[in-house]
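Worksheet: one structure, shown below.
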Amino acid sequence: MMLNYSFHENIDGGEGLLPFNAVSSNKKSPKPCLKSRRIRIISEKIKKPQPGKTFARQRLNELLANQLEKFGSSLIFGRAGTGKTTLALDFAKDYERVVWFRVESTDSDWETFAQYFISSFQTVLPDSKLDISGILPNQPNEGSILNFLEQIFSVLEQTSPQKRLLIALDDLHSVFDADWFETFFKGLLSFEIPSIQMLLLSRSKPSFPLWRLRSKQKLGVLDESLLLFTLEELEKFSSSKKSSKEELKRIHKSSFGRISKILELQSAQIVR
């Protein structure tokens, strides 16, 4: 039995919330496949953020493009304020379809995470008929999680394959400690579909080793050292601020190329 997920604006639960409802497509009173617990979907978490000031970094965009062409996925990790999300948003401009899920620590519960994961596709692919509630596991184990992912990617592969799809999971470190995460992560990277690529954004690497995934060409990695601004990039970024080369060198040295610190120092310079 398969259930159809339908999403409607919540008119009594506060702004920005969507209820997650399971609506049966079978009229013979089927047994429910999910617990009756209702997951309230916060729409902002599955909506691509609006970028602030954008700055195209050709060096990193080319590196990401090469990694995704080879591996299909890339893990971008670095501390808060190193520009992970900004880079992903700029890179995503070239995609016809972008699925975005900003993960939080409350999503470490499998049911919550899985329902948000499904919902993120529904917002971008409303006509995909992603009727997969029948295989959503309440008690996650390796077999059920892999089956869950297989059903999702089977549908995605058939949905407008001529249009590229980018899946971005932001702040993924929030669920690294979940019992099911390693199985989900490795299972996610096992699907090789040319029209589907993935960006995984995190403040750190997962606790389990990644060398096997990298050696099997399943995952590219872009770490914090690569995210740091070079002096040349800082000069281009600051071209409208009329800063001297000496001032920019001082800012670059003091910030170590970290964009959040660069903005802080430039703001202080304007105030003075």
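Remember, predicted model here, so these are calculated numbers, not experimental data.
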> Can you pull the salt bridge (Lys or Arg N to Asp or Glu O under 4.0 Å) pairs that have at least one residue in residues 167-180, sequence neighbours excluded?
Replying inline: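 Residue pairs with at least one partner in residues 167-180: there are none.
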For [Y], is there any backbone N or O sitting under 3.5 Å from a side-chain donor or acceptor partner on [X]?
{"X": "Thr112", "Y": "Asp107", "answer": "no"}
{"X": "Thr159", "Y": "Val155", "answer": "yes"}
{"X": "Ser215", "Y": "Arg212", "answer": "yes"}
{"X": "Lys205", "Y": "Phe77", "answer": "no"}
{"X": "His173", "Y": "Ser204", "answer": "no"}

Output all residues satisfying salt bridge (charged side-chain N to carboxylate O under 4.0 Å, His left out) with [X], sequence neighbours left out; order by chain, then residue number.
{"X": "Arg102", "value": "Glu104"}
{"X": "Lys163", "value": "none"}
{"X": "Lys47", "value": "Glu44"}
{"X": "Glu182", "value": "Lys186"}

If you measure from [atom1] on [X] to [atom2] on [Y], what distance do you get to the nearest 0.5 Å?
{"X": "Ile262", "Y": "Phe256", "atom1": "CD1", "atom2": "CZ", "value": "12.0 Å"}
{"X": "Leu231", "Y": "Lys245", "atom1": "CG", "atom2": "NZ", "value": "8.5 Å"}
{"X": "Gln217", "Y": "Ser73", "atom1": "CD", "atom2": "OG", "value": "11.5 Å"}
{"X": "Ser119", "Y": "Gln122", "atom1": "OG", "atom2": "CD", "value": "7.0 Å"}
{"X": "Lys216", "Y": "Trp211", "atom1": "NZ", "atom2": "CH2", "value": "8.5 Å"}
{"X": "Leu265", "Y": "Lys253", "atom1": "CG", "atom2": "NZ", "value": "13.5 Å"}

Can you get from [X] to [Y] by hopping between Ile, Leu, Val, Met, Phe, Trp and Tyr side chains that sit under 4.5 Å apart?
{"X": "Leu228", "Y": "Leu60", "value": "no"}
{"X": "Phe176", "Y": "Phe184", "value": "yes"}
{"X": "Val99", "Y": "Val103", "value": "yes"}
{"X": "Leu213", "Y": "Phe71", "value": "no"}
{"X": "Phe148", "Y": "Leu125", "value": "yes"}

>> More than 12 heavy atoms of other residues, nucleotides or ligands under 6.0 Å from CD of Glu142: yes or no?
In response: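 Counting neighbours around CD of Glu142, 12 or fewer heavy atoms of other residues, nucleotides or ligands fall under 6.0 Å, so no.
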>> If you count every heavy atom of other residues, nucleotides or ligands that lies below 6.0 Å from Arg59 atom CZ, does the total exceed 12?
In response: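 Counting other residues, nucleotides and ligands, CZ of Arg59 exceeds 12 neighbours.
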> Would Phe121 and Ile46 count as a side-chain contact (heavy atoms from CB on, under 4.5 Å) if you check the C-alpha gap in whole Å, the side-chain angles of each, and the deciding distance to 0.1 Å?
Replying inline: CA-CA 9 Å; Phe121 293 102; Ile46 52 174; over 6 Å; no
Can you list everything that forms a side-chain hydrogen bond (donor to acceptor under 3.5 Å, both in side chains) with [X]? Sequence neighbours excluded, please.
{"X": "Gln158", "value": "none"}
{"X": "Arg79", "value": "Glu224"}
{"X": "Asp94", "value": "none"}
{"X": "Arg57", "value": "Glu233"}

Does any part of the side chain of [Y], heavy atoms only, come nearer than 4.5 Å to the side chain of [X], both counted from C-beta?
{"X": "Ile39", "Y": "Ile41", "value": "yes"}
{"X": "Phe117", "Y": "Leu149", "value": "yes"}
{"X": "Leu89", "Y": "Lys48", "value": "yes"}
{"X": "Pro49", "Y": "Trp100", "value": "yes"}
{"X": "Ser120", "Y": "Leu169", "value": "no"}
{"X": "Leu165", "Y": "Leu156", "value": "yes"}
{"X": "Leu210", "Y": "Leu219", "value": "yes"}

> Mind checking whether Phe237 and Phe229 have ring centres under 6.0 Å apart?
Replying inline: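 When the ring centroids of Phe237 and Phe229 are compared, they turn out to be within the sub-6.0 Å range.
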If you compare all heavy atoms of [X] against all heavy atoms of [Y], which two are closest, and at what distance to 0.1 Å?
{"X": "Ser202", "Y": "Leu75", "result": "CB-CD1, 4.2 Å"}
{"X": "Gln67", "Y": "Gly220", "result": "OE1-C, 3.5 Å"}
{"X": "Ser74", "Y": "Leu64", "result": "OG-CD2, 3.5 Å"}

>> Check the orientation of Phe181 and Phe185. Use parallel for under 30°, tilted for 30 to 60°, and perpendicular for over 60°.
In response: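 Correct class here is tilted.
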>> Ring-plane angle category for Phe113 and Trp180, please: parallel below 30°, perpendicular beyond 60°, tilted otherwise.
In response: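 Tilted.
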> Hey, which of Leu226, Leu201, Leu200 is the one that makes side-chain contact (heavy atoms from CB on, under 4.5 Å) with Ile76?
Replying inline: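 Answer after filtering Leu226, Leu201, Leu200: Leu201.
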> Do Ser144 and Asn141 have side-chain atoms, one donor and one acceptor, less than 3.5 Å apart?
Replying inline: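 Yes, side-chain donor-acceptor contact under 3.5 Å.
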>> Between Arg97 and Leu166, does the side-chain contact (heavy atoms from CB on, under 4.5 Å) criterion hold? Intermediate values first, please.
In response: CA-CA 6 Å; Arg97 306 173 300 174; Leu166 180 68; over 6 Å; no
>> Run the side-chain contact (heavy atoms from CB on, under 4.5 Å) test on Val175 and Ser105 for me, step by step, so that the C-alpha distance in whole Å, both residues' side-chain angles and the decisive distance to 0.1 Å come before the verdict.
In response: CA-CA 6 Å; Val175 292; Ser105 58; over 6 Å; no
> Do Lys236 and Glu232 pass the salt bridge (Lys or Arg N to Asp or Glu O under 4.0 Å) test, and can you show the C-alpha distance, the side-chain angles, and the key distance before you say yes or no?
Replying inline: CA-CA 6 Å; Lys236 291 180 179 179; Glu232 182 181 0; 3.8 Å; yes
Result block: side-chain N/O donor-acceptor pairs under 3.5 angstrom for residues 192-199, not counting sequence neighbours:
| unit_1 | atom_1 | unit_2 | atom_2 | d |
| --- | --- | --- | --- | --- |
| Glu192 | OE2 | Lys218 | NZ | 2.6 |
| Gln197 | OE1 | Tyr95 | OH | 2.2 |
| Gln197 | NE2 | Leu68 | O | 3.3 |

> Which residues pass the side chain to side chain contact (heavy atoms under 4.5 Å, CB included) test with Gln58, sequence neighbours left out?
Replying inline: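 In terms of side chain to side chain contact (heavy atoms under 4.5 Å, CB included), with neighbours along the sequence ignored, Gln58 is linked to Glu62.
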>> side-chain contact (heavy atoms from CB on, under 4.5 Å) for Ile259 and Leu263? Distances and angles first, verdict last.
In response: CA-CA 6 Å; Ile259 185 58; Leu263 294 173; 4.2 Å; yes
> Tyr116 ring centre to Lys45 NZ or CZ under 6.0 Å, with the angle to the axis within 45°?
Replying inline: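 The answer is yes, since Lys45 meets both limits relative to Tyr116.
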> With sequence neighbours excluded, what pairs up with Phe153 under the ring pair (Phe, Tyr, Trp, His ring centres under 6.0 Å) test?
Replying inline: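 Only Phe191 meet the ring pair (Phe, Tyr, Trp, His ring centres under 6.0 Å) criterion with Phe153.
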